[in-house]
Amino acid sequence: MRKSTVALLIALCALLFIAAWRYIDATGLLRSYPKPNHLTAEEEMSRPVYEQLSGREKSVYTALYRGISEQQEYIPLPYELDGDEYSKIYCILEKQEAEFFYLDAVYYTAAKVRDARVVYRDLDTVDMQKKKLSEEVKKAVDGAVNSDDYYLARYINDYIVNNCRYITGEDRDYASTAYGCLVEGEANCEGYAKAFDLLAAELGLKSALITGTTDSGENHAWNQVKVGTNWYNIDVTWADTDGFGDMRKMYFLCDDATFEKSHIADTTFFEPFSCGNADDNYYVKNGLYADSTEKAEEIIHRELDKGNGVIELRFADDMTYEEFKTEYIKGEKVFEAALETSYPFGEQINLNLRENEQEHCMTLDFTAE
């Protein structure tokens with residue numbers, strides 16, 4: 001065999017070897033991938049949705065969590081996943097990890113995923129932004145003076161309402177992040193919900209961000225929070241009236257029967273927690289829940305005798321609500337009930353009525369002039 005032929009064969013073999021090596025390297029056949037690991041027990045305590053995942057899913061979630069914490073663009077996963085499985089885990093993490101405000105709104109997936117490619121916002125400023133967010137979180141949690149679950153849920157709700165302004169838009173700047181809510185003071189519903197999750201975790205409450213739609217079909221985000229041994233629905237966005245110190249209570253710690261009239265949860269990636277108890281609902285806990293017109297009149301007497309000129313009522317059902325409205329508002333019996341109390345009305349009784357018929361809620365404001 002001629003030397004030239006031998007040389008040619010050697011060159012061809014070398015090219016084939018290089019091509020094969022590149023293929024093996026690109027497909028990761030010989031690459032060392034991370035061993036499956038889970039979050040620590042302490043980390044898992046504040047992540048109730050993570051607890052629902054399978055062992056395999058927890059390992060992928062953990063790999064993503066560790067990599068995103070270090071702002072890695074390419075994150076090797078412990079398993080090869082199909083696109084749907086990867087999307088489920090990534091989308092859960094993106095919604096539940098409120099600290100990752102620097103994640104972009106888009107993400108990459110494929111038919112098969114072994115290395116996650118993560119898209120970030122401008123990382124040049126992320127260290128400064130993380131410092132600002134940490135300072136605002138500390139400022140918020142330092143204001144809590146009680147460790148009771150109900151108090152903490154109410155404190156977080158009120159703190160966000162009083163320190164953030166609602167803006168529309170899917171992802172204008174940081175509107176859909178906890179950074180937008182707590183640092184910039186402007187957020188949409190997702191930003192409100194992520195801020196609630198972040199503060200809840202810092203204060204030791206279990207909380208989950210829920211996405212879905214309203215009864216009118218609009219995309220929306222809210223939270224579920226565990227108070228004592230029971231889970232409740234809470235919508236901080238809808239509590240905000242954009243008036244300092246003024247907030248709606250009808251979406252604070254609601255059971256499913258009440259909440260699902262206006263909120264439809266998306267169950268594509270995980271099942272929201274069952275909220276079957278109403279003991280810590282704002283109206284129930286504060287004695288403002290009326291299952292009869294007689295009970296409503298009793299509440300009016302009690303609150304006016306205590307000097308409360310603004311009375312919030314929630315009625316048990318449509319029938320009770322309409323009976324009270326017909327008899328006490330249209331029939332003006334509410335004024336008779338008011339005169340039987342010790343409230344200092346002055347020369348005349350003024351009443352401003354605010355209603356949310358769908359939620360069976362009514363506010364009687366006797367302080368209006």
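We count residues from 1, following the sequence as given. These values consider heavy atoms only, across backbone and side chains, with no hydrogens, waters or symmetry-generated copies.
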Find out whether the Lys NZ or Arg CZ of [X] is both under 6.0 angstrom from the six-membered ring centre of [Y] and within 45° of the ring's axis.
X: R121; Y: Y102; answer: no
X: R56; Y: Y79; answer: yes
X: K285; Y: Y150; answer: yes
X: K88; Y: F269; answer: no
X: R154; Y: Y159; answer: no

Are [X] and [Y] linked by a side-chain donor-acceptor pair shorter than 3.5 Å?
X: S176; Y: N188; value: no
X: Y174; Y: Q129; value: yes
X: D318; Y: H360; value: yes
X: D215; Y: Q358; value: yes
X: E355; Y: Y321; value: yes
X: D365; Y: T363; value: no

Could you tell me which non-hydrogen atom of D280 sits nearest to which non-hydrogen atom of Y232, and how far apart they are?
-> N-OH, 3.1 Å
Is the closest side-chain heavy-atom distance between M362 and I311 below 4.5 Å?
->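 No, their side chains stay 4.5 Å or more apart.
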Beyond-backbone contact of I234 with N157, side-chain heavy atoms, under 4.5 angstrom = yes
Ionic contact status for E190 with K194, cut-off 4.0 Å = yes
Would you call E135-K132 a salt bridge at under 4.0 Å N-O?
-> no
Just by modelled atom types, is the L253 backbone N or O under 3.5 Å from a matching donor or acceptor in the N281 side chain?
->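 Checking the backbone N and O of L253 against the side chain of N281, a donor-acceptor pair under 3.5 Å is found.
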Out of N233, T214, D235, which one pairs with H263 under the side chain to side chain donor-acceptor pair (under 3.5 Å) rule?
-> D235
